[in-house]
Student: 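Below is one structure. I have some questions about it.
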Amino acid sequence: MTIFKEKVGEEYLTLAETKEILETLERERAADEEREMRYELARAIEHVNRFATLDPEESQEFVDELLELEKVDEATAYKIANTTPKDRDELRAIYAQERFSLSGDELDDILDVVAKYV
């Protein structure tokens, strides 16, 4: 059983964009002394604080640059931006569910973009 009645929309976010949203939410919750922060929200805030290294504008530039590459779709661009793979094996893990595989040159092109932002 699910508690949701319908999906209203879906949007991909980078960790930096998520961090910005959660910081706003955290400030609102802190202002209201009677509201406790749920465990899941606290863990999400802890996660983005640990792993978000870019600011939202840089992270969006990163995604846009990845989208310019031939075999990178929107969902994959956000996965790459959020995980910042360091080598071909980590990048192949992101593409493991796809019906195609990337050549060494295509992997290297993606890793070159990642290297600019790490």
Side-chain angles (χ1 to χ4, degrees):
M1 182 175 112
T2 179
I3 61 172
F4 302 108
K5 293 185 178 183
E6 67 179 280
K7 185 191 284 189
V8 176
E10 185 174 291
E11 179 182 355
Y12 294 109
L13 295 172
T14 63
L15 284 174
E17 293 167 331
T18 305
K19 180 179 180 179
E20 190 173 67
I21 292 168
L22 289 177
E23 284 175 346
T24 304
L25 187 60
E26 185 178 26
R27 278 193 299 274
E28 290 171 2
R29 295 280 173 103
D32 186 1
E33 293 178 11
E34 293 184 20
R35 275 188 96 167
E36 289 185 31
M37 193 175 323
R38 294 188 59 164
Y39 172 78
E40 294 85 355
L41 178 59
R43 295 290 294 160
I45 291 168
E46 180 183 324
H47 180 82
V48 296
N49 285 337
R50 180 179 296 166
F51 295 107
T53 57
L54 301 174
D55 62 43
E57 294 79 24
E58 281 181 315
S59 66
Q60 191 57 52
E61 288 173 18
F62 186 9
V63 169
D64 292 341
E65 197 167 334
L66 287 167
L67 287 171
E68 291 174 7
L69 299 174
E70 184 178 334
K71 296 228 176 163
V72 181
D73 63 358
E74 184 180 19
T76 306
Y78 280 92
K79 284 181 194 176
I80 292 169
N82 288 333
T83 58
T84 58
K86 308 288 186 272
D87 57 35
R88 286 182 175 187
D89 290 334
E90 290 179 7
L91 189 54
R92 280 190 188 105
I94 293 172
Y95 278 94
Q97 294 179 342
E98 299 293 332
R99 294 181 179 221
F100 57 88
S101 60
L102 299 177
S103 70
D105 290 338
E106 291 169 328
L107 291 170
D108 290 339
D109 290 343
I110 295 170
L111 290 172
D112 289 342
V113 173
V114 172
K116 290 181 189 178
Y117 292 93
V118 175

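Predicted model only: the values in this text are computed from it and were never measured.
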Student: Can you sort out the partners of Glu23 under salt bridge (Lys or Arg N to Asp or Glu O under 4.0 Å), two or more places apart, ordered by chain and number?
Tutor: none
Student: Restricting to side-chain contact (heavy atoms from CB on, under 4.5 Å), what partner residues turn up for Thr83, sequence neighbours left out?
Tutor: Pro85, Ile94
Student: Between Glu98 (side chain only) and Tyr95 (backbone N and O only), is there a donor and an acceptor less than 3.5 Å apart?
Tutor: no
Student: How long is the gap from CG on Leu67 to CD1 on Ile80, to the nearest 0.5 Å?
Tutor: 9.5 Å
Student: How long is the gap from CG on Leu41 to CD on Glu26, to the nearest 0.5 Å?
Tutor: 7.5 Å
Student: Kindly compute the distance separating CG (Leu69) from CD (Glu106), expressed to the nearest 0.5 Å.
Tutor: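 Interatomic distance, Leu69 CG to Glu106 CD, rounded to 0.5 Å: 9.5 Å.
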Student: Taking salt bridge (Lys or Arg N to Asp or Glu O under 4.0 Å) as the definition, give me every residue that meets it alongside Arg50, ordered by chain and number, with sequence neighbours left out.
Tutor: Glu46
Student: How close do Glu20 and Pro56 get, heavy atom to heavy atom, and via which atoms?
Tutor: OE2-CG, 3.6 Å
Student: Apply the hydrophobic cluster definition, ILVMFWY joined by side-chain contacts under 4.5 Å directly or through others, and give me every member besides Tyr39.
Tutor: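 None; Tyr39 is a cluster of one.
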Student: Return a table of donor-acceptor pairs under 3.5 angstrom between the side chains of residues 110-118 and protein atoms on other chains or two or more places apart.
Tutor:
{"from": "Lys116", "atom 1": "NZ", "to": "Glu65", "atom 2": "OE2", "distance (Å)": "2.5"}
{"from": "Tyr117", "atom 1": "OH", "to": "Glu65", "atom 2": "OE1", "distance (Å)": "2.9"}

Student: Return the CG to NE2 distance between Leu22 and His47, rounded to the nearest 0.5 Å.
Tutor: 10.5 Å
Student: Partners of Asp87 by side chain to side chain donor-acceptor pair (under 3.5 Å), sequence neighbours excluded?
Tutor: none
Student: Output all residues satisfying side-chain contact (heavy atoms from CB on, under 4.5 Å) with Glu40, sequence neighbours left out; order by chain, then residue number.
Tutor: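 side-chain contact (heavy atoms from CB on, under 4.5 Å) list for Glu40, sorted by chain: Arg38.
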Student: Can you list everything that forms a side chain to side chain donor-acceptor pair (under 3.5 Å) with Asp64? Sequence neighbours excluded, please.
Tutor: Gln60
Student: Examine Phe62 and Leu91 and state if one hydrophobic cluster contains both, with Ile, Leu, Val, Met, Phe, Trp and Tyr joined whenever side-chain heavy atoms are less than 4.5 Å apart.
Tutor: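 Both belong to a single hydrophobic cluster.
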Student: Taking only residues two or more places apart in sequence, or in another chain, which ones meet Arg88 in a side chain to side chain donor-acceptor pair (under 3.5 Å)?
Tutor: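 With neighbours one apart ignored, the set is Asp108.
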Student: Side chains of Asp109 and Glu70: does their closest heavy-atom pair fall under 4.5 Å?
Tutor: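 SC-SC contact between Asp109 and Glu70 ruled out.
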Student: Could you go through residues 9-16 and list every donor-acceptor pair under 3.5 Å that involves a side-chain atom there, pairing it with any protein atom two or more places apart or in another chain?
Tutor:
{"from": "Glu10", "atom 1": "OE1", "to": "Lys7", "atom 2": "NZ", "distance (Å)": "3.1"}
{"from": "Thr14", "atom 1": "OG1", "to": "Glu17", "atom 2": "N", "distance (Å)": "3.3"}
{"from": "Thr14", "atom 1": "OG1", "to": "Glu17", "atom 2": "OE1", "distance (Å)": "3.3"}
{"from": "Thr14", "atom 1": "OG1", "to": "Ser59", "atom 2": "OG", "distance (Å)": "2.9"}

Student: Could you work out, with salt bridge (Lys or Arg N to Asp or Glu O under 4.0 Å) as the rule, every residue matching Asp105, not counting sequence neighbours?
Tutor: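 Salt bridge (Lys or Arg N to Asp or Glu O under 4.0 Å) check on Asp105 returns nothing, list empty.
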Student: Looking at residues at least two apart in the chain, or sitting in another chain, which of them share a salt bridge (Lys or Arg N to Asp or Glu O under 4.0 Å) with Asp73?
Tutor: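 Testing Asp73 for salt bridge (Lys or Arg N to Asp or Glu O under 4.0 Å), a comparison that skips the adjacent residues, returns none.
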Student: Flag yes if Val63 and Leu54 sit in one hydrophobic cluster, no otherwise; membership is Ile, Leu, Val, Met, Phe, Trp, Tyr, and two members link when side-chain heavy atoms are under 4.5 Å apart.
Tutor: no
